[in-house]
Structures are given as C-alpha cells and as structure tokens.
Amino acid sequence: MSRVHDALRRVESTVMGTPVPPESVSGGRIISPEPANALRGLLERIQTIPFTPSPDASLLDSSRPSESPAEEFRSLRTRLNHLQSLQPIHNVVLTSASPAEGKSFSATNLALAQAQLEGNMTLLADFDFRRPVIHTFFQVPRSPGITDYLQGKATLEEVIKRIEGTNLCIMPAGEAVLNPLELLNLPEVKNMLDLLPSIFNWVILDTPPLLFAADANLLATLCHGLVMVVRIGNTTIDAVTRAMGSLCQNNILGIIVNGAHRGELYSKYTYYHSYYYSKPD
C-alpha cells in the first residue's frame, strides 16, 4: 500500500503561488452555466448498476473502514480536498512510469474514498484504451464507453453508470480502437473534460503508463493535475526521472508510493494504529 501522507505535501506551496484560473468557484465546484445546462439532469437519467466488485480487484470495503489501506486512501483524499479548497482542481490524471505499478488500483480506490463523502459526486473514467481494467474491477461490460462516445456511437448518458448506493459513477473505456492517441486529440475530449466538473466534484482518469504511451501526457495538459504511482521494489529512479521529464506541464500534484508492507507504513506506530481500532465503542 501507499505512504501517501507525504505524497502531496510539496504541492501545497506550489499551488498557493499559482494564479487562479478565470472560472468562478462556489463550494469547491466550477460554475460554468452553459456546460451545466448541457448536462442538466444527467445523473437522474444514467443507469444505476449494483456494486459487485471483482474479488481480485482489492477494492476498499466500506464495511471495514479500520483497515490500513482504507486509512491511507482517506489521507490521500484529505490532501486532495485541501488542495481543491485552494484551487479549482477537479480533473486528475493517475498514471505511472511503467505497467503493473498499481495506477488502476490507486485510481479506483481513490475514487471510492472520494465517493464515501456525502454529496461528493465522483467519476472514475478509464482512459487507458490500450489495456483497460476498470470494467473488470466492477464486472461490467467494456462497451459502451469513452471510445464509443468519442466516435459518436453512444451518448454520455449511455456510457456513464452510477454504482448503486454510492456517489461513484464509472465510465468504461469502450470498444478497442487502433489509434488511441489520435482519438484523444479530438476536440470532443477537451469538451467532455471541461463539461464533467459541472456535475462531478472529482473526475479521476486512469491512463496508460507515461513511458509506454503519450496518452497520459496529453490528458495531463487537459486536466487540472497529475498524480504518479510508483511501486516499491519495482519502479526505478531512472524510470521516474524519465517519466517526469516527459511531462509537458508542471501540474504534478504528487506521488503515491504503492506496494509497501504494513510494517513499512507505520513502523513504530503500528502498535498504536492497531490499538485505536481494536477496541470499538
């Protein structure tokens, strides 16, 4: 799991020194009348599906809130929500330097943690058109999804699904395409990412690894920030350095360190963590 307490610390000072974009902000949400009108009533029209996560997905279990992974993602959520109180950050790209470092796992659990807050509508969007997995995590069809919407084969109403009993919506990748990067260069992608924050407080994008495709780099230029996932014992310093160097904009919010053992997470505080959750009232 991640040591996320320090992951976003450095960005606070950076963000505080950045000029505020021209959008008006109210209650942490971008107010843009024209896009809001275009999507009015969308949440009431989209399909609600049952929450049946794959046993292999390792998703947060809301019935076991005291587990350390859940606590780590709540800490990450708190960091991001604090940043949002300073700047209109709503679209966030999650990526990694290389495959199998936990980006999809982190994106999904962060989205679940955000959606646990009352009224905090959150959208998890699978923009990894090359090797999508979000639909397998939730055991739903891959299509219709984002690629179908971008090709004019489906509407947003058809590709967004709400998870029953939660504030979480998911948008699967859609049918496989031969030219993912060309599809992401369509103006419809920017239009969609500009529209979605009018109804979702957080839009979390799962994207391909930076060193294997340019997709995440391109999407980062269209979003408010990027979070990179690295895996202890797997990700090399050289890979992180090259991945960071490939980014076009300096909008990196922080790094999630994945794959730490429980002892590495808490060390001497392990006892106290167990103590706090071992004697419920």
(request) Can you measure from CG (L112) to OG1 (T166) and round to the nearest 0.5 angstrom? (result) 7.5 Å
(request) Show your reasoning for whether side chain to side chain contact (heavy atoms under 4.5 Å, CB included) applies to S246 and N217. (result) CA-CA 7 Å; S246 71; N217 195 333; 4.3 Å; yes
(message) Evaluate H82 against R79 for side chain to side chain contact (heavy atoms under 4.5 Å, CB included), listing each step before the verdict.
(response) CA-CA 5 Å; H82 176 61; R79 287 282 182 181; 5.8 Å; no
(request) May I ask you to decide if the ring planes of F73 and F105 are parallel, tilted or perpendicular, using 30° and 60° as cut-offs? (result) perpendicular
(message) Taking the side chain as everything from C-beta on, heavy atoms only, tell me whether N91 gets closer than 4.5 Å to L219.
(response) no
(request) Any chance you could measure L124, atom CG, to F137, atom CZ, to the nearest 0.5 Å? (result) 9.5 Å
(message) With salt bridge (Lys or Arg N to Asp or Glu O under 4.0 Å) as the rule and sequence neighbours excluded, what pairs involving residues 106-127 come up?
(response) none
(message) Side chains of M121 and I199, heavy atoms from C-beta outward: is any pair under 4.5 Å?
(response) no
(request) Can you see which heavy atom on A97 is nearest to which on P209, and at what distance? (result) O-CB, 3.5 Å
(request) Sequence neighbours left out, what passes side-chain contact (heavy atoms from CB on, under 4.5 Å) with P50? Give chain and number order. (result) T52, E164
(message) Please give me the minimum heavy-atom distance between A216 and T95, naming the atom from each residue.
(response) CB-OG1, 3.7 Å
(request) Please confirm whether the backbone N or O of V133 pairs with a side-chain atom of D128, one donor and one acceptor, at under 3.5 Å? (result) no
(request) State, yes or no, whether a side-chain contact exists between M244 and I252 at a heavy-atom distance under 4.5 Å. (result) yes
(message) L94 and side-chain contact (heavy atoms from CB on, under 4.5 Å): which single residue from L226, L253, I256 fits?
(response) I256
(request) Kindly work out whether a path of hydrophobic side-chain contacts (I/L/V/M/F/W/Y, heavy atoms less than 4.5 Å apart) joins I49 to L60. (result) yes
(request) For L150 and E188, work out which heavy atoms get closest and say how close. (result) CD2-CB, 4.0 Å
(request) Report the distance from atom CD1 of I134 to atom CZ of R142, rounding to the nearest 0.5 Å. (result) 12.0 Å
(message) Side chains of L80 and L110, heavy atoms from C-beta outward: is any pair under 4.5 Å?
(response) yes
(message) Using every non-hydrogen atom in the two residues, find where T155 and Y149 come nearest and quote the distance to one decimal.
(response) C-CD1, 3.9 Å
(request) Please report the C-alpha distance between W202 and I89 in whole Å, then the side-chain angles of each, then the deciding distance to 0.1 Å, and finally whether the side chain to side chain contact (heavy atoms under 4.5 Å, CB included) criterion is met. (result) CA-CA 8 Å; W202 286 102; I89 300 173; 4.0 Å; yes
(request) State, without any angle test, whether N81 and Q114 hold a side-chain donor-acceptor pair at a distance under 3.5 Å. (result) yes
(request) Report the residues that fulfil side-chain hydrogen bond (donor to acceptor under 3.5 Å, both in side chains) with D206, sequence neighbours left out, ordered by chain and then residue number. (result) K103, S104
(request) Using the side chain to side chain contact (heavy atoms under 4.5 Å, CB included) rule, take I146 and M192 through it: C-alpha gap first, then chi angles, then the decisive distance, then the call. (result) CA-CA 10 Å; I146 301 172; M192 178 174 62; 4.1 Å; yes
(message) For L168 versus A111, what's the shortest heavy-atom pair and its separation?
(response) CD1-CB, 3.8 Å
(message) Applying a strict under-4.5 Å side-chain criterion to I, L, V, M, F, W and Y, I'd like to know whether L218 and F129 cluster together.
(response) yes
Mind listing the side-chain donor-acceptor pairs of residues 227-235 below 3.5 Å, one per line with the distance, residues two or more places apart or on another chain?
unit_1: T235; atom_1: OG1; unit_2: E101; atom_2: OE2; d: 2.6
unit_1: T235; atom_1: OG1; unit_2: R231; atom_2: N; d: 2.8
unit_1: T235; atom_1: OG1; unit_2: R231; atom_2: O; d: 3.4

Would you list the atom pairs, donor with acceptor, under 3.5 Å between side chains in residues 169-186 and any protein atom, with sequence neighbours excluded?
unit_1: E175; atom_1: OE2; unit_2: Q151; atom_2: NE2; d: 3.4
unit_1: E175; atom_1: OE2; unit_2: K153; atom_2: NZ; d: 2.6
unit_1: N185; atom_1: ND2; unit_2: L181; atom_2: O; d: 2.9

(message) Quick check for you: to the nearest 0.5 Å, what is the distance between L43 atom CG and R162 atom CZ?
(response) 6.0 Å
(request) Please round to the nearest 0.5 Å and tell me the distance separating atom CD of E157 and atom CG of L42. (result) 6.5 Å
(message) How long is the straight-line distance from CG of L76 back to CG of N109, given to the nearest 0.5 Å?
(response) 10.5 Å
(message) Taking L83 as the starting point, is it possible to reach L117 by hopping between hydrophobic residues whose side chains are less than 4.5 Å apart?
(response) no
(message) Do F138 and T108 make a side-chain contact, defined as non-hydrogen atoms from C-beta onward lying under 4.5 Å apart?
(response) yes
(request) Could you pull out the closest heavy-atom pair between N251 and A220, with the gap in Å? (result) ND2-O, 2.8 Å
(message) Side-chain heavy atoms nearer than 4.5 Å, only ILVMFWY residues, links allowed to pass through others: does that put F212 and V240 together?
(response) no
(request) Applying side-chain contact (heavy atoms from CB on, under 4.5 Å), name anything that partners A213, two or more places apart in sequence or on another chain. (result) R130, P208, D215
(message) Between N201 and H90, is there a side-chain heavy-atom distance shorter than 4.5 Å?
(response) yes
